[in-house]
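Written out below as structure tokens is the structure these notes cover.
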Amino acid sequence: MNAVTREGLQVYFHEGHGLSVYFYLVAILAPVQFLALYLPSLDAQMWSGSGNLFKVSASTTLVLMVYFALRVANQEYAPWRFQSLRTWVRERGQPLATVANGQLGFLALHIGCSLLLSVPFLAWAAAIARTPFWGLAATLALLLFYGFCYGVWGLVALAVWERRPESRQVVIRCFLFGLAVATLLAYLPLNPVAYLLAILGQHDLPPLRVAGVRWPAGSVHFFFHLVLGFAGVLAHRRALARSVKE
Amino acid sequence: MAGLGKFLQSLVSPAVEAAAASRPQWNEAIFSQILLSPSFIAAYIPTASLFLAIVLYLAGLFCLSWLAQRRRISSRAFGLLSFAWIATCAGTGYLFFSRGGQIPDGVLLAATLLEDAGEGYVDAQTNLALFSTQPRQYSLTLARGWLDLSSLGAGRVAAGSETLVYRYGAGSPRVQVPLKEWGYKLLRARYLERMSLRASIEPQIDRVSLDVRNHSGHDLIDCWLLAPGAKIALGHLPKGERWKKDFPLGSNADANRGRSADELNLREVTFNDKTRDILFHSSFFPRDVADATWRGSTALFFGWIKDPEGRVDLGDARIRVHNYALYRVIVPLAGPEDE
């Protein structure tokens, strides 16, 4: 196993420093899901009952997963237990690609664990809200996708500002908030929560019109997030290389 | 049969505004109030089951992480057991909640207002709300004594099914109502049926005499007598029993609180059941109906029928039915100009 991934596993699971992340995840998700049963109807023309339960649960899981993925990637939990980039590369002789892959691997593992812990909540909510199985499966796939696309920017922040943890924390929060607001203002279907709710509600999203050409909302959404994710991976590698050279 | 004849005559006569004013209200606002009241939510949402599932799931995770922290189990065993526990909870919960899980296919709420029609008959005005947790066809069989059934608003029904479809056969008419997932339909029905329940109020100068005979086969619960200056909680009248009582008309403390001396104070009448409260204050005695018969100088007796019979049968155990029925008598009191 990759040494960097193994270090993450050791710190988070064997030593138990990362269990608080998963505790926060379920501790927030459980009451939100239960209280969502009592949410009043938002639409005067229909009673929502528990029909919105899955939408509320999925949206909450999405926000929590992205937020915690950024924080975990940014090494905000037990940062003193992680070895620095220079230690990995210069003292332990690990190639830069191994460090990058190890960090990405641990991020993917964390996202997988978060999703796994959320699966019972989502499955119960889907069953109660009579959401079809494809809706549940699509939601799980989207959660993984978003977790990775956004979480990778936590690794970028870690590589760029490794010695300035407070700056990193501010930067990733501003990044997340700024992106959420920008997508809401610029073009709503770009926002992951809006898109998730739209596909669960089977609503048609308005296409994007650029220079007289209509681009389907789904294509624009996935193109944007794929670009975001790949840009994050590339930026992470470049930042690692620059950090080691300095 | 004089009372019945009079009643039937009133059915074919032109609309009487006074009767319309005292007709129970039924609309989406009242329906929403009932639907969203915490006491009624449990009728269509598995709150207890979900709560138990969440607690069990979290307890299992807590136990496993505690064992791992105490080094009672290895990291590998912790991972495998956690995965197995999560998969078990997700799978069994999904099957439980999707194949039943105490979630009904639909819920029928029937709120009936019973008023004496004379000669042992009652005029039953039933407001119905049928709501569905999944797309399906509902077949409502109307009980004997049915006079009229009408739809209120479009509701949220399956496309192309806004009108009611009647099917006749096997003695009882049936109404087909196709509903969408999380759809609903509001209906209003009227019945004339035999019921041996009679209450009479005799207004005197300084008191009212109440005579209630309950041979209906159902207990009459949460009974009240209201008259200007008198608000008396009478309690329960078991089936087969009779009350014959006199009550003095008080000096009217309400007048000192800035309220009209003749106005009945219905706002302070509450019940243990929140749904009954909503039906009473919003449907049977709505506050916003200014010209209702009970607004004037009247004496009013009412009581809830315990475990009332359903006037609409759905014939499916997967549809939960909640019946409420209130019996009321409104008697105008003589005003100063009448004396």
Side-chain angles (χ1 to χ4, degrees), chain A residues 9-10 12-20 22-23 25-27 29-54 57 109 112-133 136 140 201-202, chain B residues 28-29 31-32 35-38 41-42 44-47 49-51 53-58 60-62 65 68-69 71 74-75 78-79 82-83 85-101 103 107 129 131-135 153-156 180-184:
Chain A
L9 286 173
Q10 173 74 19
Y12 266 62
F13 297 104
H14 193 68
E15 297 174 11
H17 291 297
L19 294 182
S20 58
Y22 306 108
F23 170 77
L25 181 73
V26 294
L29 205 49
V32 166
Q33 175 159 37
F34 189 73
L35 293 174
L37 284 175
Y38 294 93
L39 268 187
S41 172
L42 297 175
D43 186 348
Q45 292 304 309
M46 63 173 284
W47 73 292
S48 62
S50 50
N52 285 335
L53 181 63
F54 185 66
S57 300
L109 202 71
C113 287
S114 302
L115 188 69
L116 194 63
L117 281 169
S118 312
V119 162
F121 293 111
L122 295 171
W124 303 337
I128 292 170
R130 311 290 199 199
T131 304
F133 190 77
L136 175 63
L140 296 178
Q202 297 180 31
Chain B
E28 288 174 344
F31 172 59
S32 299
L35 205 64
L36 300 175
S37 74
I41 280 177
Y44 59 88
I45 287 175
T47 45
S49 311
L50 182 65
F51 182 76
I54 289 173
V55 169
L56 279 176
Y57 174 56
L58 295 183
L61 288 179
F62 178 79
S65 54
Q69 288 287 294
R71 301 283 185 263
S74 65
S75 298
F78 170 62
S82 297
F83 181 80
W85 177 243
I86 291 167
T88 305
C89 287
T92 52
Y94 185 79
L95 291 175
F96 175 72
F97 288 120
S98 58
R99 292 185 183 176
I103 312 171
V107 180
F131 51 99
S132 182
T133 63
Q134 56 182 293
R156 188 168 182 266
K180 287 182 192 174
E181 198 173 52
W182 308 109
Y184 67 90

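A, B, ... follow the sequence lines: proteins, then strands. Residue 1 opens every chain.
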Hey, could you give me the CG/CG distance between B:Leu56 and B:Leu61, rounded to the nearest 0.5 Å?
-> 11.0 Å

Results of ring pair (Phe, Tyr, Trp, His ring centres under 6.0 Å) for A:Phe121 - residues two or more places apart only | A:Trp124, B:Tyr57

Below 4.5 Å from any heavy atom of chain B, which atoms of A:Leu9 appear? Answer side chain, backbone, both or neither.
-> neither

Residues in ring pair (Phe, Tyr, Trp, His ring centres under 6.0 Å) with B:Phe78, at least two apart?
-> none

Side chain, backbone, both or neither: which part of A:Leu116 has an atom under 4.5 Å from a heavy atom of chain B?
-> both

Check each atom of B:Leu58 against the heavy atoms of chain A and say whether the ones under 4.5 Å are side chain, backbone, both or neither.
-> side chain

Look up atom OH in A:Tyr22 and atom OG in A:Ser114, then write down how far apart they are to the nearest 0.5 Å.
-> 5.0 Å

Among A:Leu117, A:Val119, A:Leu136, the residue with the most heavy-atom pairs under 4.5 Å to chain B is A:Leu117

Looking at CD1 of B:Ile54 and CG of A:Leu29, how far apart are the two atoms once the value is rounded to the nearest 0.5 Å?
-> 8.5 Å

Using non-hydrogen atoms and a 4.5 Å limit, figure out which bit of B:Thr47 sits close to chain A: side chain, backbone, both or neither.
-> both

